[in-house]
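Worksheet: the structure to be examined is printed underneath.
All chains are named by letter (A, B, ...) in the order of the sequence lines, taking the proteins before the strands, and each is independently numbered beginning at 1. Values below: all heavy atoms of this structure, side chains included; hydrogens, waters and symmetry mates excluded. Being a predicted model, the structure only gives us computed values, none of them experimental.
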Amino acid sequence: MKHNKLPYLGAWLIGLSQSFSFNATAADYTGGQLSNPKITAAGVVVPDGARLLASQCFQCHGTDGKSTTGIDSLAGESQAELINEMREMKAKTKADLMHYQAKAYTDAQIQLIAAYFASVSGGGTSHHDD
Amino acid sequence: MNDISRRKFLKTLGLSLGATALPISFAKAALRPRVIVVGGGFAGATAAKYLRLWSNNTVDVTLVEPNAVYYSPILSNLVLSGQKQLSQLGFKYDTLAQKYGITVTRSTVNSINSANRTVKLANGKTLGYERLILAPGIQFKAIPGLDETKILHAWQSGNQVQQLRQQIQAIPNSGTYVLSIPKAPYRCPPGPYERACVIADYLKRNKLGAKVIVLDGNPDITVERDTFNAAFTSTYAGIVEYVPNTILQSVDSAKKVAITSFGDYRADVLNVIPPHQAGGIVLNSGLANSSTGDWANVNPLSYESTAVKGIHIIGDSQGTGQPKAGHIANAEAKVCADAVLRLLSGSQPFAAPMTNSACYSPISATTASWLTAAFAYDPASQTMQLVPASYGASSGASTSNYRKMFEWANSLFGDTFA
Ligand SMILES: Cc1cc2nc3c(=O)[nH]c(=O)nc-3n(C[C@H](O)[C@H](O)[C@H](O)COP(=O)(O)OP(=O)(O)OC[C@H]3O[C@@H](n4cnc5c(N)ncnc54)[C@H](O)[C@@H]3O)c2cc1C
């Protein structure tokens with residue numbers, strides 16, 4: 001597989017250089033730090049951003065990781081297993097959509113995402129076997 | 001809102017009570033904060049759903065949308081080739097209303113009073129908000145001579161797609177279909193090339209000697225160049241003629257002639273996708289403050305306008321430079337919904353949001369390709385930046401991708417509308 005050449009990113013990136021003028025500084029956002037995920041027994045309340053990060057998987061894996069199509073569910077999977085799968089996909093260079101997506105996330109982010117899905121009850125039965 | 005209900009509200013959001021001062025508008029507001037979402041496409045529908053879901057229904061959400069049924073532009077090229085019926089791409093708002101308790105109001109927002117925090121609807125009603133989310137998609141810029149009733153864009157799905165299908169079916173043998181692509185940024189980067197392929201495939205099988213001429217306002221195929229170049233020069237050799245750097249100057253709508261920087265192109269079917277800008281409500285409300293004046297600059301942590309406080313813009317109308325596409329519109333909507341709930345409770349948006357994009361493109365009646373990327377917030381530039389290692393495309397088109405395309409689309413439709 002040939003990686004699409006970066007010059008063709010043109011259309012996607014126009015405007016990225018536009019400047020923004022909002023006032024908040026990084027210090028204002030300490031509430032959104034990546035450390036110390038707080039996941040309740042119900043698994044719903046994850047105030048530190050784990051839920052938001054995990055929600056970026058919902059487009060394909062279903063709301064809360066409960067798939068309604070042939071794509072795998074992630075809800076209720078073990079945290080360790082999800083972390084391993086993501087790490088494996090990050091390491092490989094396979095022309096697979098999810099392998100590219102995996103490469104976008106740091107290990108810390110992967111742990112949060114996996115923690116969120118592990119905390120969702122009534123999870124799916126399907127299982128990623130890459 | 002009294003202290004007990006406020007504490008309850010914060011608790012359901014999972015946010016600490018450490019946060020103090022509530023925004024004035026919120027303190028003054030009725031017991032439950034009100035969020036109005038304008039536009040029920042991929043961006044707006046997702047935002048409305050997740051505001052309710054993530055607030056445990058403690059926030060009142062009104063979705064204002066004029067159409068009873070939303071027709072997805074995603075997969076709409078398959079309607080042109082007869083592989084999908086338009087009705088299969090239609091989504092009603094009943095599930096969002098019933099399952100999540102969203103108030104769906106069938107009307108158009110005509111104007112915004114940001115000082116009073118109200119919007120005025122076409123039906124005469126005025127609604128108040130603590131936070132306003134605008135997700136109106138795109139509108140087209142004028143092209144001299146272009147009569148939209150004769151020369152279709154079919155770029156917002158719905159009726160125009162059905163009409164373009166009929167025009168294409170009526171192309172004679174040896175006839176010509178001409179597609180004009182605007183300069184980027186336009187909605188769905190691979191979309192126009194995908195359309196050229198799907199129509200070439202239909203003509204190849206049904207109309208002897210018919211041709212596709214692609215007039216591209218861009219200097220080259222903007223994305224998935226290897227895949228589309230192979231399709232144009234090999235799969236559809238002798239059918240597709242690709243002409244880069246061709247700026248459409250005007251149109252003779254009666255004679256179906258595209259007048260371009262490279263000369264005139266006469267067509268049996270002329271399909272013009274005009275250059276885009278943000279939806280009318282964004283432009284008319286002074287929110288299109290990008291350098292070109294076409295898009296709304298926002299803080300990508302919350303999608304709040306950099307021009308007017310309390311108004312957020314998501315989806316194709318925003319100007320962060322992320323691609324204008326439905327999958328990532330859904331992604332932006334979640335970042336926005338999460339931030340709005342935090343802001344309503346006096347807390348700050350999450351500091352490190354991620355978004356992602358995926359496009360599947362049918363190349364023929366049995367094959368498809370894909371393109372994907374993820375974006376991460378960069379605190380130094382305060383922008384969303386592409387994560388280079390996440391940017392990739394399929395190696396050409398395949399039948400397995402064609403099957404996966406429907407799994408992907410159905411999942412996205414479900415996460416957005418159900
Ligand atoms: C052929 C084609 C293929 C595509 N393929 C893909 C793909 O593979 N992947 C992908 O991610 N994207 C794809 N897209 C792009 C995608 O469809 C758009 O980017 C997406 O629809 C944008 O979502 P939105 O919510 O911003 O706008 P829209 O979907 O346009 O929704 C806007 C809504 O707002 C409403 N509205 C506007 N103004 C007002 C107002 N004043 N008051 C009330 N309501 C209002 C409109 O009625 C409309 O329902 C494709 C597009 C096309 C044309």
Side-chain angles (χ1 to χ4, degrees), chain A residues 1-22 24 26 28-34 38 40 44-49 51-53 55-64 67-71 90 95-105 109, chain B residues 14-15 50 184-185 189 218 220-226 290-291 295 297 299 301 304 306 319-321 323 327 330-331 334-335 338 347-356 358 370-374 376 379 382-383 385-395 407-408 410-412 414-415:
Chain A
M1 182 275 165
K2 239 171 97 194
H3 194 285
N4 234 31
K5 294 182 198 83
L6 283 172
Y8 300 110
L9 265 173
W12 286 45
L13 298 178
I14 286 179
L16 258 190
S17 56
Q18 285 164 358
S19 62
F20 299 92
S21 59
F22 53 95
D28 291 328
Y29 300 123
T30 45
Q33 266 175 6
L34 281 169
K38 282 182 222 139
T40 66
V44 185
V45 181
V46 187
D48 67 326
R51 180 180 66 190
L52 178 59
L53 287 173
S55 75
Q56 297 298 323
C57 312
F58 299 176
Q59 286 100 302
C60 294
H61 294 278
T63 301
D64 266 335
S67 176
T68 55
T69 70
I71 297 175
K90 269 185 84 163
D96 173 78
L97 199 152
M98 193 52 221
H99 281 64
Y100 283 107
Q101 281 300 318
K103 291 177 179 57
Y105 294 89
Q109 289 173 320
Chain B
L15 297 167
Y50 280 93
N218 299 286
D220 202 342
I221 296 169
T222 56
V223 286
E224 293 182 73
R225 189 184 183 281
D226 295 345
S290 71
S291 56
W295 311 105
N297 278 349
N299 170 356
L301 295 177
E304 187 165 7
T306 58
T320 59
H327 183 109
N330 168 303
K334 289 166 181 161
V335 175
D338 186 79
S347 162
Q348 290 297 321
F350 179 58
M354 301 284 294
T355 58
N356 62 69
W370 53 257
L371 175 69
T372 195
Q382 301 182 334
T383 59
Q385 291 285 344
L386 174 85
V387 183
S390 73
Y391 181 64
S394 61
S395 49
E407 301 271 20
W408 160 77
N410 286 331
S411 298
L412 177 62
D415 188 43

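Contacts with chain A were tallied for B:A376, B:A331, B:P353, B:A374; B:A331 has the most, counting heavy-atom pairs under 4.5 Å. The greatest number of non-hydrogen atom pairs below 4.5 Å with chain A, out of B:V335, B:L412, B:T355, B:N356, is found for B:N356. Among the candidates A:K103, A:Q59, A:Q101, A:K90, the residue making the largest number of heavy-atom pairs closer than 4.5 Å to chain B is A:Q59.
Across all their heavy atoms, B:A373 and B:L386 have their closest contact at CB-CD1, 3.6 Å.
No side-chain donor-acceptor contact under 3.5 Å links B:D338 to the backbone of A:G49.
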Practice item. List the steps and the verdict of side chain to side chain contact (heavy atoms under 4.5 Å, CB included) for B:D415 and B:K334. Key: CA-CA 11 Å; B:D415 188 43; B:K334 289 166 181 161; 2.7 Å; yes
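Ring orientation note: the planes of A:Y100 and B:W370 are nearly perpendicular, at an angle over 60° on the 30°/60° scale.
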